[in-house]
Amino acid sequence: MSVATAASANGKTPVLEVSGLCTHYGRIQALFGIDLQVAQGELVALVGANGAGKTTLLRTISGLQPASAGTIRFLGEDLASVAAERRVRKGIVQVPEGRQVFGPMSVEDNLRLGAYTRSPGEVEDGLQRMYAMFPVLKERRRLAAGTLSGGQQQMLAIARALMARPRLLLLDEPSMGLAPLLIEEVFETVRMLREELITIFLVEQNAHKALSVADRGYVIETGRIVLGDSGPALLGNAQVQAAYLGV
Amino acid sequence: MSAELLQFIFSGLTAGAIYALVGLGFSIIYNASQVINFAQGEFVMIGGMATVSLLAAGLPMPVAIALAVVATVAVGIALEKLAIEPARGASIVTLIIITIGASIFLRGLAQVVWDRNFHSMPPFTGDTPINIGGASVVPQSLWVLGCTVAIVAALWAFFNRTRFGKAILATSYNSDIARLMGINVRFVLLFSFALAALLGAIAGVLITPIILTNYQVGVLLGLKGFSAAIVGGLGNPMGAIAGGFVVGIAESITAGYVSSDYKDAVAFVIILLVLFFRPQGLFGRRGAERV
C-alpha cells in the first residue's frame with residue numbers, strides 16, 4: 001500500500017484503483033497483492049521484465065483472467081462480479097498484447113467490432129475520427145487486417161480500442177516486435193492520445209520509452225509492485241537504471 | 001450427358017444439400033467453441049419425427065413443420081444450457097464426449113416419446129416426378145435444393161452483413177479478443193447451438209418425405225454431415241456446403257455404377273482420403289497465422 005499511496009497523484013479522482021490484487025493460474029500464483037491507482041487523465045506506465053506479471057495484471061483488470069483476491073475499482077465501482085464484456089461497456093478497453101487484430105476480416109470490420117458496444121451513430125462518427133487520425137487505415141479499409149504490416153496492425157489495434165470510447169485505455173506492450181522507427185510512431189500516438197486527455201495505463205518492456213511519456217510509473221517484479229513514482233523520478237532512479245534502462 | 005448419369009446427379013444433389021445443412025451445423029458450433037457436436041444428427045431426427053407426429057395429431061403441414069422446428073431449436077438451446085454450459089472450462093474433448101452422451105440420450109428419449117418404427121411424411125407438393133433432361137425428379141428434391149439455396153444465402157448475409165453475425169465470426173477467430181470488444185461469447189455459443197439445431201431441423205423436415213425416418217436416422221445423417229464438414233475443412237461454412245455436395249454426388253454415383261451396398265461407405269472413404277492427403281480439408285485454411 002505504501003508504495004502505491006506515495007505515488008498517487010494528489011487530489012485527482014481515481015479512475016482505476018487496484019488493491020491487494022492476487023491472481024493464480026491453477027495453483028501457480030502470478031500476482032501477489034498488487035496496489036496501484038490511475039487518476040483521471042493520467043498516463044501511468046507499468047514496466048518490468050518478461051514474465052513479471054504485466055500482461056496478467058492487464059488481463060485481470062480487463063476481466064479475461066479471474067482475480068483470486070483483492071479488489072479492482074473502476075470509477076469507484078467494484079468490478080468483482082462484472083464480466084469482461086460488460087467492463088468494455090463501462091469504459092475499460094484493452095489493446096491486447098501482440099495486436100491480435102481479426103486477420104481475415106477487413107480493417108473497417110475490425111474497427112466496427114471495436115465499437116460493438118456503441119450506437120450506430122457513434123460507430124460512423126468513430127470511423128471518421130479514426131480515419132482522420134490514422135489515414136493509412138482509411139486507405140486500406142477494405143483489405144484484410146492480416147495483410148497489414150506489424151506497425152499498421154498496431155495502429156489498427158489502438159484505433160479499434162478507441163472506437164469503444166474508452167474511459168480507461170489499457171495498452172499491452174504496444175512496441176512489441178516493432179522496428180525502432182515504428183516504435184517511435186507508436187509512442188507518438190500514445191502522446192497524442194494523452195493530449196486528448198484519455199486516461200491510459202501502459203504496460204511496457206521498453207522501460208525508457210514508457211517512462212519518458214508517463215506521468216507516473218510502477219515497476220513490477222515477479223508479481224509484486226516494487227517501486228512507484230513519477231515518470232521522470234523513475235527514469236532517474238539508480239535501481240531502475242541498472243535493472244531496466246541498461247545505464 | 002446420359003439420362004442415367006443426370007438421374008444420379010440429381011439424387012446426389014438432393015442428399016448433398018441435406019449433408020450440407022448438417023455440415024453447416026457442425027461448422028457453426030465448431031467455430032464458436034471448437035466443439036464437434038455429435039448430437040447434430042439428432043436435431044435432424046427430431047425435426048423429422050416431430051413433424052410426423054404433429055401431422056398425425058391432425059395439424060396442417062405448415063403449422064406442424066413450424067412447431068417441429070421450434071421444438072428442435074428448444075432442444076438445441078437446452079443441450080447448450082444443461083449440458084455444455086455447466087461444463088464450461090472443461091477440455092474440448094470432454095465437451096465432445098458430452099455431445100456424444102447427449103446424442104445417445106436424445107435417441108433414447110425419441111424411442112420413449114415416439115417409437116422404434118419407421119415413419120413417413122407426405123411430400124410438400126405432390127409426388128408426380130418431373131422430367132428434367134430425361135431424369136425424373138420428385139418435386140420434394142426441388143424443395144430440398146431450393147430451401148438449401150435460400151438458407152445458404154440467408155446465412156451468408158447474416159454472417160457478412162450484420163453486426164451480430166460478424167461478432168460471431170470474430171468470436172470464432174479469437175474468443176478472448178472478442179470479449180475485449182464487448183461481445184458476450186457465452187451468448188454466441190448459445191446462439192450457435194440454436195442456429196445449428198434450426199439447420200438440423202430444417203434438414204430433417206426436408207428429407208423425411210424422401211427417406212422415411214425413425215429414432216436413429218440421425219446417426220448416419222449426422223456422420224455424413226460430419227464428413228461434409230471435414231471434406232470442406234472444419235469450421236469453413238462454404239467448405240461444408242461444397243463438402244456436402246461432394247459426398248452426396250460421390251455416394252449416388254457409387255450406388256448407381258458400383259453397388260448400393262457401398263453407398264454408405266463412400267462418405268467414410270472420402271473422409272479418410274481427405275485426412276490422408278489434405279488434412280485441412282479441400283477448402284480449409286492452413287493452421288498457420290501471421291503473428
Side-chain angles (χ1 to χ4, degrees), chain A residues 26 55 58-59 61-66 82-106 108-120 123 144-150 152-153 157 160-161 163-166 169-170 172 176-177, chain B residues 27-28 30-34 85 88-91 94 156-192 232-240 280-281 283-291:
Chain A
T55 292
L58 276 200
R59 286 173 59 89
I61 295 172
S62 63
L64 292 181
Q65 177 70 32
V82 181
E85 58 272 12
R86 285 187 41 230
R87 293 185 194 191
V88 179
R89 286 173 202 272
K90 292 189 181 295
I92 301 181
V93 182
Q94 183 181 350
V95 179
E97 183 182 19
R99 308 176 271 281
Q100 306 277 12
V101 296
F102 299 111
M105 303 179 99
S106 74
E108 183 155 321
D109 278 347
N110 270 270
L111 291 173
R112 286 177 183 278
L113 281 167
Y116 187 72
T117 55
R118 315 306 303 190
S119 70
V123 177
T147 63
L148 299 185
S149 71
Q152 290 165 348
Q153 288 192 18
R160 184 179 64 178
M163 288 291 289
R165 296 179 175 251
L169 184 66
L170 306 172
D172 196 353
M176 192 176 87
Chain B
S27 280
I28 286 167
Y30 177 82
N31 274 342
S33 61
Q34 276 80 56
E85 207 177 292
R88 200 157 36 98
S91 72
T94 309
W156 186 89
F158 172 67
F159 282 113
N160 290 286
R161 289 281 178 268
T162 72
R163 210 157 88 118
F164 186 54
K166 286 179 183 176
I168 295 177
L169 285 183
T171 305
S172 75
Y173 298 136
N174 190 329
S175 78
D176 266 3
I177 305 304
R179 294 185 74 194
L180 292 181
M181 304 296 114
I183 296 165
N184 183 342
V185 299
R186 282 171 67 180
F187 181 71
V188 166
L189 183 58
L190 183 65
F191 182 86
S192 302
L234 203 52
N236 177 340
M238 291 303 147
Q280 74 273 32
F283 311 95
R285 35 172 205 268
R286 286 203 173 271
E289 281 264 324
R290 179 173 178 172
V291 242

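In the text below, chain A, chain B and the rest are named by the order of the sequence lines, each starting its count at 1. The model shown is predicted, which means the values in this text are computed figures rather than measured ones.
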What part of [X] gets within 4.5 angstrom of chain B, counting heavy atoms only: side chain, backbone, both, or neither?
{"X": "A:R87", "result": "neither"}
{"X": "A:A115", "result": "backbone"}
{"X": "A:A84", "result": "both"}

Handout entry: Heavy-atom pair of closest approach, residues A:F102 and B:N174
Key = CE2-O, 4.0 Å
Exercise for the section: Might you point out which heavy atoms bring A:Y116 and B:G182 nearest each other, and give the distance in Å? Expected result: CD2-O, 3.7 Å
Problem - Residue list, salt bridge (Lys or Arg N to Asp or Glu O under 4.0 Å) with A:R86, at least two apart or on another chain - result: none
Problem - With sequence neighbours excluded, residues passing salt bridge (Lys or Arg N to Asp or Glu O under 4.0 Å) with A:E85 - result: B:R179
Completion exercise
Between the CG atom in B:L180 and the CG atom in A:L113, the distance rounded to the nearest 0.5 Å is 12.5 Å
Exercise for the section: Output the distance between atom CG (A:D109) and atom CG (B:N160), rounded to the nearest 0.5 Å. Expected result: 8.5 Å
Problem - Flag side-chain contact, heavy atom, 4.5 Å: A:Q100 against B:D176 - result: no
Exercise for the section: Determine whether A:M163 and B:M181 make a side-chain contact, defined as any pair of heavy atoms from C-beta on separated by less than 4.5 Å. Expected result: no
